[in-house]
There are 2 protein chains.
Amino acid sequence: MNIGRASKLSGVSTKMIRYYEQTGLIPKAARHNSGYRDYDDADVHRLRFIRRSRDLGFTVEQIGGLLNLWSDRSRASADVKSFALEHVERLKEKMAEIEAMVRTLESLADHCHGDDRPECPIIEGLAEDDGDSLRPKRREPQRFGTPGGQSARHHGAATKVAH
Amino acid sequence: MNIGRASKLSGVSTKMIRYYEQTGLIPKAARHNSGYRDYDDADVHRLRFIRRSRDLGFTVEQIGGLLNLWSDRSRASADVKSFALEHVERLKEKMAEIEAMVRTLESLADHCHGDDRPECPIIEGLAEDDGDSLRPKRREPQRFGTPGGQSARHHGAATKVAH
DNA sequence: TTTGCGGCTTCCCACGATGGGAAGGTCAAG
DNA sequence: CTTGACCTTCCCATCGTGGGAAGCCGCAAA
């Protein structure tokens, strides 16, 4: 089948299918004489696997790992489980960060009258000279490396930190 | 003062300061005869405002709006409040999406023995032919592994609901 | 004065995942 | 044969951030 059909069946856009092929996430597709890519049900199956993995927040790189785990019939389920649960930890960290933002914003908004007057604790909070009062206090090294880079973003010690 | 000093005082990297200038978020900096950019306390103040806004998950575009609200002394606090609360809604949506992923992954992991045997409901769940059962709902671009840091910053994830 | 170093300048590249769109080839139906 | 839908490759943009090169500037030590 052509790429458009595979796209519809898998829910992965044609752009993405080509991209996954290009980056080596999936093998090079077979070609018709015309040059058109040719897919079979197994290809579609793999694409669906990829899409569902993306839906669960895995990066493409991680999906590469998942595909290996999928095709490796001798690997232990414990390997998969730890892979998944580590990802869950990242997701929870991300949630906690967002939640902290929400809490800060809501507490600022709670003190804002929200009427016609111009005084506004929200803007004042952002403009405060007292630097980091808005930020959640935890500033320990706490590094959790996301795939692709960490980088202890300079806090005040701007330019020259271990980058 | 030079850009490096402004960076240290504001907590915004020199790279980002130039980027913000280039994209028009902040006005063009004054220059010394040497060509070096020159900043004063008001500039640093604005940069700190920007950094704190980023820490709360606003995109650069939104920060442009916040800067306008900041400098507009005649705007109503209600304008600021609705701006902030709408952003809070986006953050909550993002949290809900991530939470759905976490729930799905944890329920799959719950059924995985996590031992030496190869059978694994997690992989099976991803590989299922039954299409979208894992999918919480309509998906949209999510980017949450931003390079970097610890705490609340650039999570990228949070802010970008539509891109 | 010369040397050296660190800071500054601009410019280009990279990332991750995705889409847009142009220029052109292919295929099936009319 | 024409038309229109589909396919191909190639390049560009996104968004926020950093890396790094090539070259100037400023200050201090030798």
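Just so it is clear, the model here is predicted, and its values are computed rather than measured. Sequence lines set the chain letters: A, B, ... in the order given, protein chains first and strands last, and positions in each chain run from 1.
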Mind checking if B/Arg18 touches a base, just sugar-phosphate, or nothing, with heavy atoms under 4.0 Å? base
Within the structure shown, what part of the strands sits under 4.0 Å from A/Ser13 by heavy-atom distance: base, sugar-phosphate, or nothing? sugar-phosphate
Whether [X] contacts [N] is assessed here as follows: a side-chain N or O lying under 4.0 Å from the phosphate OP1 or OP2. Is that the case?
X: A/Arg51; N: C/dT18; answer: no
X: A/Arg54; N: C/dT18; answer: yes
X: B/Arg37; N: C/dT9; answer: yes

Show me the donor-acceptor pairs within less than 3.5 Å that the side chains of residues 14-22 of chain A make with the rest of the protein, sequence neighbours left out.
unit_1: A/Glu21; atom_1: OE1; unit_2: A/Ala29; atom_2: N; d: 3.4
unit_1: A/Glu21; atom_1: OE1; unit_2: A/Arg37; atom_2: NE; d: 3.0

Ranking A/Tyr19 and B/Glu21 by the position along DNA chain C of their nearest nucleotide, the one closer to 5' is B/Glu21
Please report, rounded to the nearest Å, how far the [atom2] atom of [N] is from the [atom1] atom of [X].
X: A/Ile17; N: D/dT9; atom1: CD1; atom2: C1'; value: 16 Å
X: B/Tyr20; N: D/dG16; atom1: OH; atom2: P; value: 8 Å
X: B/Met1; N: C/dG7; atom1: CE; atom2: P; value: 16 Å
X: B/Asn2; N: D/dC27; atom1: CG; atom2: C1'; value: 12 Å

Test side chain to side chain contact (heavy atoms under 4.5 Å, CB included) applied to A/Asp40 - qualifying residues, sequence neighbours left out: A/Ala42, A/Asp43
All side chain to side chain contact (heavy atoms under 4.5 Å, CB included) counterparts of B/Phe83, not counting sequence neighbours: B/Phe58, B/Gln62, B/Leu66, B/Leu69
Result for 5'-nearest mapping on DNA chain D, choosing between A/Asp38 and B/Val60, is A/Asp38
For A/Arg5, give me all partners under salt bridge (Lys or Arg N to Asp or Glu O under 4.0 Å), at least two apart in sequence or on another chain. none
Check whether A/Ile3 and A/Tyr36 end up in the same hydrophobic cluster, where Ile, Leu, Val, Met, Phe, Trp and Tyr are linked by side-chain heavy atoms less than 4.5 Å apart. no
Just to verify, what does [X] make a side chain to side chain donor-acceptor pair (under 3.5 Å) with, not counting sequence neighbours?
X: A/Asp72; result: A/Ser74
X: A/Ser10; result: none
X: B/Lys92; result: A/Glu106

Once each nucleotide of nucleotides 21-30 of chain C is scored for protein heavy atoms under 4.0 Å, what B/S/- sequence comes out, 5' to 3'? B---BBS---
Shortest non-hydrogen contact between B/Arg54 and B/Thr59, atoms and distance: NH1-CA, 3.6 Å
Nearest-nucleotide pick for B/Ile3, side chain only, options being D/dG18, C/dG16, C/dT9: C/dT9
Rounding to 10°, can you tell me the angle the first-five-pair axis of the helix from C/dT1-D/dA30 to C/dG30-D/dC1 makes with its last-five-pair axis? 30°
